[in-house]
Amino acid sequence: MLVRTLDEIRGTSREVFAENNNWASARLLLKDDNMGFSLHETTIFANTQTLIWYKHHLEAVYCIEGEGEVETLDDGKVYPIHPGTMYALDNHDRHALRAFSRMRLVCVFTPALAGREVHLPDGSYPLAEESPCSR
Ligand code: 9YT
């Protein structure tokens, strides 16, 4: 069994910061954990907007703290985010994520992230290289 805490992750390579300082991501589970997904607690800092397009991944996001909104850019629809809201990018949707206060989000990615990914200029993460399953 795997057991990890946020306190153990802080200050290690599993804690990743956006280059534009919009967010920080504590990566609780990664590709090498062989769960088939990665699991993150992401902090989105207040009064930020992040343009995202996970063209290689699916992501589900569950808000546990803070207020914000997500806009799907192809159709301009805006969805409020409060604690208890989940959104799933089931169509690799291009979107804008806006935080009105500091948000804490639990995020699941498939395929799993490998470790230190930050957004590429188009808002995507690169696809982690295939590696043989270690178990
Ligand atoms: C909600 C979202 O995608 N925010 C960007 C960071 C990402 N969740 C991550 O790498 O943890």
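No experiment lies behind these values; they were computed from the predicted model shown. When reading the values below, keep in mind they use all heavy atoms of this one structure, side chains included, and skip hydrogens, waters and symmetry mates. In listed order, ligands and their atoms are each counted from 1.
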Query raised in the report: Hey, is Glu117 one of the residues with a heavy atom under 4.0 angstrom from ligand 1?
Result: no
**Report entry** Sub-4.0 Å heavy-atom approach of Glu41 to ligand 1
**Finding:**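 The answer is no, since Glu41 has no heavy atom less than 4.0 Å from ligand 1.
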Numbered atoms of ligand 1 (with element) below 4.0 Å of [X], judged on heavy atoms:
X: Ser25; answer: 9 (C), 10 (O), 11 (O)
X: Tyr87; answer: 1 (C)
X: Tyr125; answer: 6 (C), 7 (C), 9 (C), 10 (O)
X: Arg27; answer: 9 (C), 10 (O)
X: Cys107; answer: 8 (N)

Any idea which protein heavy atom is nearest [atom], and the distance to it?
atom: atom 8 (N) of ligand 1; answer: Thr42 OG1, 3.1 Å
atom: atom 5 (C) of ligand 1; answer: Tyr54 OH, 3.5 Å
atom: atom 2 (C) of ligand 1; answer: Glu59 OE2, 3.4 Å
atom: atom 4 (N) of ligand 1; answer: Ile44 CD1, 3.9 Å

**Report entry** Proximity of Trp23 and His119 rings by center, below 6.0 Å
**Finding:**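 Trp23 vs His119: aromatic centres under 6.0 Å.
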**Report entry** Side-chain touch Glu69/Tyr79, heavy atoms, less than 4.5 angstrom
**Finding:**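 A side-chain contact under 4.5 Å is absent here.
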Query raised in the report: Are His57 and Thr110 close enough that some pair of their side-chain heavy atoms sits under 4.5 Å apart?
Result: no
Query raised in the report: Of the backbone atoms (N, CA, C, O) and the side-chain heavy atoms from C-beta on, which set of Leu97 has a member under 4.0 Å from an atom of ligand 1: side chain, backbone, both, or neither?
Result: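 Under 4.0 Å from ligand 1, Leu97 contributes side-chain atoms alone.
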Report task. Decide whether Val118 and Leu105 are clustered together by the hydrophobic rule: side chain heavy atoms of Ile, Leu, Val, Met, Phe, Trp, Tyr closer than 4.5 Å, transitively. Result ->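 Cluster IDs for Val118 and Leu105 match.
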Query raised in the report: Taking Leu2 as the fixed residue, which of Leu29, Asn34, Leu28 is the one that meets the side chain to side chain contact (heavy atoms under 4.5 Å, CB included) rule?
Result: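 The single option meeting the side chain to side chain contact (heavy atoms under 4.5 Å, CB included) with Leu2 is Leu29.
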Requested in this report: Applying side chain to side chain contact (heavy atoms under 4.5 Å, CB included), run through Arg27 and Ile9 and close with a yes or a no.
Outcome: CA-CA 8 Å; Arg27 298 193 166 156; Ile9 284 172; over 6 Å; no
Report task. Would you name the heavy atoms of Lys31 and Ala114 that are closest together and state the gap between them? Result -> CB-CA, 4.0 Å
Requested in this report: Please lay out, stage by stage, how Asp33 and Arg4 fare under the test salt bridge (charged side-chain N to carboxylate O under 4.0 Å, His left out).
Outcome: CA-CA 12 Å; Asp33 295 312; Arg4 292 192 181 111; 3.0 Å; yes
